[in-house]
Protein chains: 2
Amino acid sequence: MKHLPHKTIERLSQYRRALLICAAKGKTHIFSHEIAKIQHITPVQVRRDIMLIGYTGTLRKGYNIQELIDLIGDIIDTKEGLNVAVVGIGNLGRAMINYFNGKRTKLSIVAGFDSNPDKIDRIYSGVKGYHIDRLAEIIKEENISIAIITVPAGAAPEIADKLVNAGIKGILNYTPKPVQVPSHIYLEEYDMITSLEKVAFFVKTH
Amino acid sequence: MKHLPHKTIERLSQYRRALLICAAKGKTHIFSHEIAKIQHITPVQVRRDIMLIGYTGTLRKGYNIQELIDLIGDIIDTKEGLNVAVVGIGNLGRAMINYFNGKRTKLSIVAGFDSNPDKIDRIYSGVKGYHIDRLAEIIKEENISIAIITVPAGAAPEIADKLVNAGIKGILNYTPKPVQVPSHIYLEEYDMITSLEKVAFFVKTH
DNA sequence: AGCAAGTTGTGAAATAATTAACAATTTTTC
DNA sequence: GAAAAATTGTTAATTATTTCACAACTTGCT
Ligand SMILES: NC(=O)c1ccc[n+]([C@@H]2O[C@H](COP(=O)([O-])OP(=O)(O)OC[C@H]3O[C@@H](n4cnc5c(N)ncnc54)[C@H](O)[C@@H]3O)[C@@H](O)[C@H]2O)c1
Ligand SMILES: NC(=O)c1ccc[n+]([C@@H]2O[C@H](COP(=O)([O-])OP(=O)(O)OC[C@H]3O[C@@H](n4cnc5c(N)ncnc54)[C@H](O)[C@@H]3O)[C@@H](O)[C@H]2O)c1
């Protein structure tokens with residue numbers, strides 16, 4: 001398979017989530033326009049994404065839901081799964097650990113880190129809290145490749161550095177403060193305020 | 001001003017956040033490549049965005065930080081500000097209310113809603129919790145135009161319907177369940193798992 | 001003053017993402 | 001069993017976004 005557009009990767013993840021729900025309801029096939037409706041996009045886009053991953057449906061029957069789920073899994077999951085850490089066991093960090101818990105995917109949150117002694121050596125929804133000083137140690141020990149940063153914004157750059165030194169491969173930064181990492185590390189940043197301001201802008205102009 | 005690209009709107013919000021920090025440090029001017037470094041983008045892109053909003057910097061001095069902050073405000077803020085509600089006062093909802101509190105922007109969270117009686121008539125970081133049955137009433141009363149959905153995924157579609165009926169203008173859905181709304185309502189959906197899976201994909205393939 | 005270095009602003013080119021259009025085929029209907 | 005309706009797969013066209021390339025100008029330096 002060639003190169004998949006970033007946007008396609010995002011949508012595949014979303015398709016899979018929707019497909020899992022359909023599968024759970026006992027549905028076996030789905031049409032491109034049904035997926036499109038759920039995701040607020042056009043049927044052509046769905047078909048194109050599916051074409052890009054080399055799957056083909058059946059004319060007038062649609063796509064086999066389970067096959068598509070499995071194929072998307074082959075593309076975006078790793079076989080053995082990846083381990084994830086949450087750095088900053090505050091409101092957001094705990095909310096995320098809790099949210100993840102029970103979702104069976106190939107991604108598992110296996111550790112939390114915090115600098116506050118009160119937060120460590122406790123279990124949060126099945127995930128143990130460690131002191132931030134043990135970051136490198138635990139990352140190696142638990143084979144963690146992705147970290148989610150949920151410390152206060154001011155601490156984010158320092159935490160990013162520590163993660164880089166500890167050999168992390170990907171970072172998801174939920175802090176409003178952008179961090180700098182070497183280019184071989186995949187970095188994704190998200191801040192709610194940007195999303196809210198965007199909604200506000202379109203509310204204003206529409 | 002013509003039509004601003006969606007991506008530009010997002011970046012303007014981010015620029016402003018970075019600029020506010022710079023201003024707080026006493027900096028008065030900034031170069032395109034400095035902004036670019038912070039945001040992990042190219043200087044040309046910064047200059048182009050700024051060009052699109054009709055601002056011009058000074059050759060070899062860069063952009064006046066305060067002027068740029070104000071201009072971005074003119075574009076993405078409304079004069080009187082907009083009121084926001086959080087629906088679902090759980091872990092994520094409370095984390096968000098708490099996060100917002102104290103950030104002085106033109107967006108204020110003015111109400112929370114929940115179906116659990118234990119959650120209502122309490123104050124969360126300055127925001128009052130109301131019973132979900134009072135949604136329409138309070139939305140009108142408090143002139144709320146944007147809602148953030150943080151209820152359990154299963155309840156999201158029903159909540160979206162209620163919001164639409166109550167006359168909301170924009171919705172930010174943090175639930176993994178996509179909701180359907182009429183096209184005149186601006187809808188933005190975000191799910192952390194998609195972001196994480198995207199990071200995982202790029203970690204895997206790089 | 002004259003030159004070098006730095007920086008903005010922008011038209012044009014390139015790249016990325018979406019949409020249109022339609023042939024090919026299957027199923028349903030009568 | 002012929003016609004109509006539905007649906008996929010894909011090329012081509014379109015639209016959106018980013019990057020290139022460079023002219024224009026400012027500042028600092030000698
Ligand atoms: N709460 C939200 O909804 C929300 C939304 C978007 C972004 N954010 C951002 O996420 C971050 C966390 O938000 P929160 O509401 O969970 O804050 P919080 O204060 O509840 O949690 C922060 C946690 O990080 C820990 N911490 C502080 N310094 C640390 C360090 N150097 N190393 C390790 N741990 C450290 C603290 O002990 C605390 O447990 C903030 O940057 C916030 O801006 C929050
Ligand atoms: N926690 C996270 O980090 C995170 C991240 C991404 C998405 N999400 C999603 O956000 C949502 C909330 O997550 P959470 O961790 O806060 O869950 P939560 O269970 O802590 O909170 C949900 C809240 O919604 C209330 N509620 C339930 N039904 C309601 C209804 N019909 N009307 C009004 N209120 C109702 C509950 O009483 C509860 O207070 C979930 O859909 C979750 O998938 C959470």
Side-chain angles (χ1 to χ4, degrees), chain A residues 1-15 19 22 27-68 71-72 75 183 188-189 194 198 201-202 205, chain B residues 1-15 19 22 27-68 71-72 75 183 188-189 194 198 201-202 205:
Chain A
M1 193 175 325
K2 304 174 290 283
H3 161 81
L4 292 174
H6 280 221
K7 292 292 193 68
T8 294
I9 298 298
E10 283 178 21
R11 285 191 298 261
L12 288 173
S13 162
Q14 288 160 3
Y15 297 164
L19 291 169
C22 293
K27 226 163 129 62
T28 63
H29 288 76
I30 194 167
F31 295 126
S32 60
H33 65 260
E34 294 177 294
I35 300 178
K37 179 86 188 302
I38 296 170
Q39 302 298 149
H40 318 297
I41 56 180
T42 65
V44 202
Q45 182 137 75
V46 173
R47 296 205 298 275
R48 162 142 321 244
D49 287 334
I50 290 174
M51 185 189 96
L52 288 175
I53 62 175
Y55 184 68
T56 53
T58 310
L59 249 171
R60 302 238 358 170
K61 275 235 189 70
Y63 302 95
N64 180 302
I65 291 176
Q66 194 54 52
E67 283 176 14
L68 197 43
L71 180 58
I72 293 175
I75 290 160
S183 65
E188 170 110 358
E189 308 201 305
T194 294
K198 195 172 145 199
F201 174 80
F202 287 105
T205 56
Chain B
M1 189 174 327
K2 303 173 290 287
H3 161 80
L4 291 174
H6 281 222
K7 292 292 193 71
T8 293
I9 298 297
E10 284 179 19
R11 283 189 300 261
L12 288 173
S13 162
Q14 289 160 3
Y15 297 164
L19 292 170
C22 293
K27 226 163 130 61
T28 64
H29 286 76
I30 194 166
F31 294 127
S32 60
H33 64 260
E34 294 177 296
I35 300 179
K37 179 84 188 303
I38 297 170
Q39 303 297 149
H40 318 298
I41 56 179
T42 66
V44 203
Q45 182 135 75
V46 173
R47 296 206 297 276
R48 160 99 30 203
D49 286 334
I50 290 174
M51 184 190 99
L52 287 174
I53 62 174
Y55 184 67
T56 53
T58 311
L59 250 172
R60 301 232 4 163
K61 274 234 189 72
Y63 302 95
N64 180 302
I65 291 177
Q66 194 54 53
E67 284 176 15
L68 199 42
L71 181 57
I72 293 175
I75 290 161
S183 65
E188 169 111 359
E189 309 201 303
T194 294
K198 196 171 143 197
F201 175 80
F202 286 106
T205 56

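Numbers restart at 1 for each chain; the letters A, B, ... are given by sequence-line order, proteins then strands.
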Between atom [atom1] in [X] and atom [atom2] in [N], what is the gap in whole Å?
{"X": "A:Leu68", "N": "D:dG9", "atom1": "CG", "atom2": "P", "result": "11 Å"}
{"X": "B:Gln45", "N": "D:dT17", "atom1": "CD", "atom2": "P", "result": "10 Å"}
{"X": "A:His29", "N": "C:dT26", "atom1": "NE2", "atom2": "P", "result": "15 Å"}
{"X": "A:Phe31", "N": "C:dT26", "atom1": "CZ", "atom2": "C1'", "result": "11 Å"}
{"X": "A:Leu59", "N": "C:dC22", "atom1": "CG", "atom2": "C1'", "result": "13 Å"}
{"X": "A:His33", "N": "D:dA5", "atom1": "NE2", "atom2": "C1'", "result": "13 Å"}
{"X": "B:Glu34", "N": "C:dG6", "atom1": "CD", "atom2": "P", "result": "14 Å"}
{"X": "B:Ile35", "N": "C:dT7", "atom1": "CD1", "atom2": "C1'", "result": "13 Å"}

Checklist entry - Of B:Asp49 and A:Ile50, whose closest DNA chain D nucleotide lies nearer the 5' terminus? => result A:Ile50

Checklist entry - Given that A:Lys61 and B:Pro5 both sit by DNA chain D, which one's nearest nucleotide is further toward the 5' end? => result A:Lys61

Proximal nucleotide (of [options]) relative to the [X] side chain:
{"X": "B:His6", "options": "D:dC25, D:dT17, C:dT19", "value": "D:dT17"}
{"X": "B:Tyr63", "options": "C:dT19, D:dG9, C:dG9", "value": "C:dG9"}
{"X": "B:Arg47", "options": "D:dG9, C:dG6, D:dA21", "value": "D:dA21"}
{"X": "A:Lys7", "options": "C:dT7, D:dA5, C:dT18", "value": "C:dT18"}
{"X": "A:Arg60", "options": "D:dA6, C:dT8, C:dT19", "value": "D:dA6"}
{"X": "B:Arg48", "options": "C:dT26, C:dA12, C:dA17", "value": "C:dA12"}

Next on the checklist: Within the 4.0 Å heavy-atom criterion, would you say B:Thr56 contacts the bases, only the backbone, or no part of the nucleic acid?
Outcome noted: sugar-phosphate

Next on the checklist: Does B:Ser32 reach a base, just sugar-phosphate, or nothing at all? Heavy atoms under 4.0 Å.
Outcome noted: sugar-phosphate

Checklist entry - Would a 4.5 Å heavy-atom cut-off, applied to side chains only, mark A:Tyr55 and A:Ile72 as touching? => result no

Item to check | Heavy-atom side-chain proximity of B:Glu189 to A:Gln14 below 4.5 angstrom | outcome: no

Item to check | Residue-level proximity of residues 36-44 of chain A to DNA chain C when a heavy atom falls under 4.0 Å | outcome: A:Thr42, A:Val44

Side-chain donor-acceptor distances from residues 42-50 of chain B under 3.5 Å, at least two apart:
unit_1  : atom_1 : unit_2  : atom_2 : d
B:Thr42 : OG1    : B:Gln45 : N      : 3.2
B:Arg47 : NH1    : B:Ser32 : OG     : 3.4
B:Asp49 : OD1    : B:Thr8  : OG1    : 2.9
B:Asp49 : OD1    : B:Arg11 : NH2    : 3.0
B:Asp49 : OD2    : B:Arg11 : NE     : 2.6
B:Asp49 : OD2    : B:Arg11 : NH2    : 3.4
B:Asp49 : OD2    : B:Tyr15 : OH     : 2.5

Checklist entry - More than 12 foreign heavy atoms under 6.0 Å from NZ of B:Lys27: is that the case here? => result yes

Next on the checklist: Working note: A:Leu68 + A:Asn64, criterion side-chain contact (heavy atoms from CB on, under 4.5 Å); need CA distance, chi angles, decisive distance, verdict.
Outcome noted: CA-CA 6 Å; A:Leu68 197 43; A:Asn64 180 302; over 6 Å; no

Next on the checklist: Rounded at 0.5 Å granularity, tell me how far CG in B:Leu71 sits from CD1 in B:Ile53.
Outcome noted: 4.0 Å

Checklist entry - At their closest point, which heavy atom of A:Glu10 faces which heavy atom of B:Thr194, and how far apart are they? => result O-CG2, 3.7 Å

Item to check | Pairwise 5' ranking along DNA chain C for A:Arg11 and B:Gly62, keeping only the more 5' one | outcome: B:Gly62

Checklist entry - For B:Thr205 and A:Leu4, what are the C-alpha separation, side-chain angles and deciding distance, and is it a side-chain contact (heavy atoms from CB on, under 4.5 Å)? => result CA-CA 11 Å; B:Thr205 56; A:Leu4 292 174; over 6 Å; no

